[in-house]
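Let me begin by presenting the structure, written as C-alpha cells, before commenting on it.
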Number of protein chains: 2
Amino acid sequence: MNLKTSTEKVKAQSGRETGRQAQKSASTRKIIVEAALSCLIRYGYANTTTPVIAREAGVSRGAMMHHFSNRLTVIQAAIEYLHEKRLKAFRRAVANLPKDQPQLHDGLKAYWKHVTHPLYVAFHELTVAARTDRDLARILGPAQEAFYDEWYRMAGELFPDWQKDPASLELAMDLVNTTLEGMAIRRLSLPENPGAEARLFKYLEACLAALKPAD
Amino acid sequence: MNLKTSTEKVKAQSGRETGRQAQKSASTRKIIVEAALSCLIRYGYANTTTPVIAREAGVSRGAMMHHFSNRLTVIQAAIEYLHEKRLKAFRRAVANLPKDQPQLHDGLKAYWKHVTHPLYVAFHELTVAARTDRDLARILGPAQEAFYDEWYRMAGELFPDWQKDPASLELAMDLVNTTLEGMAIRRLSLPENPGAEARLFKYLEACLAALKPAD
DNA sequence: CGTAAAAAACAATCGTGACTGTTTTTTATC
DNA sequence: GATAAAAAACAGTCACGATTGTTTTTTACG
C-alpha cells in the first residue's frame, strides 16, 4: 500500500475477491487453520484451545475471533482444509502410479504414506474427539465418509479388471484399510518396530496379490 | 459386613485392612474407579473431570478427593483396575478354550470380543490422550506393554507347536493385533457394517490357518 | 473421645465469548 | 483526483463458568 502502482485500478474491477484485505484475510485465515492443525498434532484436540491456536498462529486471539466467531468454527475450517489436502495429496499419489499396469505394491505404499503422514494424526485426534462430541461429529462425519467413498472409487478406477469381482475388491479394500490404519495408530502409542511393520506390510501385499483376479 | 461379629477386633491387630471403615473405603474407591472408567467410555478422557467422575460415582467431590489426592491419581487407579480386569477376562477366555486342540477360530473370537468390549474403548481413550500427555503416558505405558507381553506369552502357550516357527507366529500375532484393533477402532467412528466385518473376520481366519504350521 | 470418611467451602487458574478501541483498506461523494 | 464515510482487520480487556487442588467443617464409626 505504500507503493503506487498503475495496477491499483484493477482491484475495483472484480469486486471483493482480489482486494488487499481479502487477500490478507485469506492469508490470515490460512495461517490460523494451519496452526489449528499443528496444535491438533502436537497438543491433541482437548488442548487445541483458542489461546493456544492463536499463539501458534502468531496472531492475537482477538484477530482470530474476528475471522472465526467461535472455537468450533476454527475446527470446522481446519477439517475442510484437511479434507481437501488429504484428497489432493492422495489423488496426486495415485496419478503418479504407472497407469498402464498399476502395481499393488505402489498403491499400498501410497496409502501407507498417507496414514503415516502427520495430518493423519490430526484426523485421528478429531475422530476420537468426535465420538463424544456431537457437534464435532456432525462436522467431521461427512468429510470422513466422503474421503472413504472417494478412496473406494479411485481404487475401482485403478484396478478396472478387479471390479469384475466386487466382493473380492471390497474385501481387499477393507483389509488394507483396517490393517494399515491399525498399524499407523499403533505407532502412535507403542515403540516403533520397523521389522514387524515391514513383515506385516509384505504379508499384506502377498494377501492382496492372492486376492486379485489374474489379469 | 452389617452383622456384628467378634472378629471386629481383628482390624486393630493387622492395622487397617479388615475394619468396617477400611471395607467401606475400599468399596468407595472401587465405585469411584468404575465411575471413572464409565466416564472415559461415555464422555472421553478430556471430559472425565473430577466433578463429572464424582457425580457419576454418586459421591461428593470432597469424598473423592479424600481417597484420591488429585485427578491423575484417580486415572492411575482406573488404569490399574482396567489392566487387571483386561488380563483376568482374557485369561478366563483363554482358559475356556478347548485345551487339547485349540481352535484358531475361538482364539480369534476371544480377542475380537476383547477389543469390542466397552473397556477397550476406555483403554483407547487413554491411549490417545497419552500421546500428548507425558504424565499419563508414564502411567499407561507399562500397563500397555505388560498386556501385550502377556498376550504374546499366552498365545505361545496356546499353540506350542507354532513356536517352532517363531517368525510365523509373531507375524500372525501382529496381523491379528492390528487388524482386529483397527476394526474395533473403526467401529467407533463409522457406521457399522456387519457384513464387511464378518467377511474380513473370516478372511483373517483363513490367513491364520494358512500361516500356522500343520500339526 | 479420637480418628477416619464424607461433605462443603475456598482460592486460583483457565477457556470462552462478548465487548471496546485502533488501524488499515475500501467505497462513495464532490 | 482528493476527501469523507463505511467496512474490515486487528488488538486488548472483561465477565462468566468450569476445573483444580486445598482447607475447613460435619458426620459416623471404633
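When reading the values below, keep in mind they use all heavy atoms of this one structure, side chains included, and skip hydrogens, waters and symmetry mates. Just so we're on the same page: letters track the sequence lines, and every chain starts at 1.
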Discussion item. Measuring centre to centre across the rings, with the benzene-like ring taken for any Trp, is Y120(B) within less than 6.0 Å of H117(B)?
Written reply: no
Rounded to whole Å, please give me the gap between [atom1] in [X] and [atom2] in [N].
| X | N | atom1 | atom2 | value |
| --- | --- | --- | --- | --- |
| R71(A) | dA18(C) | CZ | C1' | 18 Å |
| Y43(A) | dG15(C) | OH | C1' | 16 Å |
| I32(A) | dA11(D) | CD1 | P | 10 Å |
| F68(A) | dA8(D) | CZ | P | 16 Å |
| N47(B) | dG15(C) | CG | P | 15 Å |
| R55(A) | dC10(D) | CZ | P | 19 Å |
| M64(B) | dT19(D) | CE | C1' | 11 Å |

Worksheet item: Would you say the base of dG15(C) and the side-chain of R61(A) have a donor-acceptor pair closer than 3.5 Å?
Response: no
[X] vs [N]: side-chain N/O to OP1/OP2 distance below 4.0 Å:
| X | N | answer |
| --- | --- | --- |
| H66(B) | dA6(C) | no |
| T28(A) | dC10(D) | yes |
| H67(B) | dA6(C) | yes |

Discussion item. Measuring from atom NZ of K202(A) to atom SG of C207(A), what distance do you get when rounded to the nearest 0.5 angstrom?
Written reply: 13.0 Å
Practice prompt. Measure from the side chain of P51(A), starting at C-beta and using heavy atoms only, and say which of dG15(C), dA7(C), dA18(C) lies closest.
Written response: dG15(C)
Worksheet item: Side chain of N70(A): nearest nucleotide among dG17(C), dC10(D), dA9(C)?
Response: dG17(C)
Worksheet item: Taking the nucleotide of DNA chain C with the closest heavy atom to each, which residue, V52(A) or S69(A), is nearer the 5' end?
Response: V52(A)
Discussion item. Whether R131(A) engages the ring of Y45(B) as a cation-pi pair (distance to the six-membered ring centre under 6.0 angstrom, angle to the ring normal within 45°) should be assessed.
Written reply: no
Practice prompt. Using a 4.0 Å heavy-atom cut-off across all strands, classify T50(A) as base, sugar-phosphate, or nothing.
Written response: sugar-phosphate
Worksheet, complete the sentence: Across all chains, not counting sequence neighbours, the side chain to side chain donor-acceptor pair (under 3.5 Å) partners of R199(B) are none
Item to complete: Scan side-chain atoms only and decide if Y111(B) and E181(B) contain a donor-acceptor pair under the 3.5 Å cut-off.
Response: yes
